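Below: the structure, in structure tokens.
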Amino acid sequence: MIETPELVLASSSPRRRSLLAQIGIVPARIAAPEIDEAERPGELPRDYVLRIATEKALAVPRAVGEVVLAGDTTVAVGRRILAKPADEADLRRMLGLLSGRRHHVFSGLCVIAGDGKPRTRVSDTIVAFKRLTNAEIDRYVASGEGMGKAGGYAIQGLAEGFVRFVSGSYSGVVGLPLFEARALLESAGIVAGLARG
């Protein structure tokens, strides 16, 4: 694996780092931005993830020649944004909303290269959950896996057993859509270290 010397990942998420590694990209440094991630009144989920990803990228200082990559992922049921659960009661509420229905997972990306111009993409993945029993919700809440996760679940963990189907980017649901990330990074001149088939 070759370090990509110009790339700064604006995220402390180990999931995003491991996803980038799948396509052969190892950021030179990690910079976790501190921004207000509260949604605005009436803000749609797609607009929300693009705004947050862009604000994260802009919040990270860049040295000359560096390229910043930032991402944000949210779960939406209709127009409702399901952010990270505040507590176990909030997690139960989210799982109840997701039970037996389809929802969207929006994953926004922003890349800022030498010209300082934000370049953005968003992936929209449809995920359908089986109808969850109270016992299944209880077990999942007790596992602790859903805390700290958008929508209250991690598709790459125990919750994958709830998923009837996925239409779109699996990696986007995990936290970083790799097709879109690779395209944005290539447009910014980041190609060294990309896995080659």
Side-chain angles (χ1 to χ4, degrees), residues 9-22 30 32-41 43-53 55-56 69-110 122-181:
L9 178 61
S11 174
S12 59
S13 165
R15 293 182 305 282
R16 290 196 174 110
R17 287 199 300 275
S18 65
L19 284 166
L20 282 174
Q22 286 180 213
I30 304 295
E34 292 293 327
I35 66 162
D36 179 4
E37 296 189 32
E39 63 189 271
R40 294 173 178 166
E43 191 170 31
L44 296 175
R46 177 185 292 271
D47 298 334
Y48 170 79
V49 293
L50 283 176
R51 177 177 65 82
I52 296 299
E55 288 181 7
K56 285 178 179 179
L69 169 66
D72 189 66
T73 300
T74 198
V75 172
V77 176
R79 296 167 62 98
R80 278 180 291 192
I81 294 172
L82 303 187
K84 296 171 184 175
D87 51 32
E88 287 190 356
D90 197 27
L91 176 54
R92 286 176 192 280
R93 177 188 66 85
M94 290 183 183
L95 293 171
L97 283 171
L98 299 174
S99 175
R101 56 194 301 194
R102 297 181 185 197
H103 60 274
H104 290 260
V105 180
F106 293 97
S107 198
L109 294 173
C110 181
V122 64
S123 80
D124 176 3
T125 303
I126 298 171
V127 180
F129 267 26
K130 71 183 282 293
R131 188 166 299 283
L132 302 176
T133 66
N134 289 334
E136 286 171 326
I137 291 175
D138 289 343
R139 283 194 297 272
Y140 192 70
V141 170
S143 77
E145 181 180 87
M147 297 305 295
K149 308 290 192 309
Y153 75 92
I155 196 170
Q156 72 277 19
L158 298 171
E160 191 162 1
F162 301 154
V163 176
R164 287 182 24 245
F165 74 83
V166 175
S167 176
S169 171
Y170 180 86
S171 61
V173 181
V174 176
L176 189 80
L178 292 178
F179 178 82
E180 289 82 358

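Source: prediction; values computed, not measured.
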Note, [X] side chain near [Y] side chain (heavy atom, < 4.5 Å):
X    : Y    : result
M147 : V141 : no
F165 : I126 : yes
I155 : V166 : yes
D72  : E37  : yes
R92  : D90  : no

Taking [X] for the side chain and [Y] for the main chain, is one N or O donor matched with an acceptor at less than 3.5 Å?
X    : Y    : result
S171 : L176 : yes
R16  : G175 : yes
T125 : S169 : yes
Y48  : A38  : no
K56  : G71  : yes
T74  : V49  : no

Candidate pair L69 and L20, rule side chain to side chain contact (heavy atoms under 4.5 Å, CB included), full reasoning
CA-CA 11 Å; L69 169 66; L20 282 174; 4.1 Å; yes

Mind checking what makes ring pair (Phe, Tyr, Trp, His ring centres under 6.0 Å) contact with Y153, not counting sequence neighbours?
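Counting only residues at least two positions away or on another chain, Y153 forms a ring pair (Phe, Tyr, Trp, His ring centres under 6.0 Å) with H103, F129.
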
If you round to the nearest 0.5 Å, how far is [atom2] of [Y] from [atom1] of [X]?
X    : Y    : atom1 : atom2 : value
S143 : D138 : OG    : CG    : 11.5 Å
I52  : E43  : CD1   : CD    : 7.0 Å
K149 : L82  : NZ    : CG    : 15.5 Å

More than 12 foreign heavy atoms under 6.0 Å from CG of N134: is that the case here?
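Atom CG in N134 is not packed in, count stays at 12 or less.
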
Exercise: identify the closest heavy-atom pair between [X] and [Y]:
X    : Y    : answer
R131 : E136 : O-OE1, 3.8 Å
E160 : Y170 : OE1-OH, 3.3 Å
S99  : L132 : OG-N, 2.7 Å
A70  : A53  : CB-O, 3.4 Å
S12  : I30  : CA-CG2, 4.2 Å

With V75, the side-chain contact (heavy atoms from CB on, under 4.5 Å) member among I81, V127, L98, L97:
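Of I81, V127, L98, L97, side-chain contact (heavy atoms from CB on, under 4.5 Å) with V75 is met by L98 alone.
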
Output all residues satisfying side chain to side chain donor-acceptor pair (under 3.5 Å) with E145, sequence neighbours left out; order by chain, then residue number.
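Once residues adjacent in sequence are excluded, the partners of E145 under the side chain to side chain donor-acceptor pair (under 3.5 Å) criterion are Y140.
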
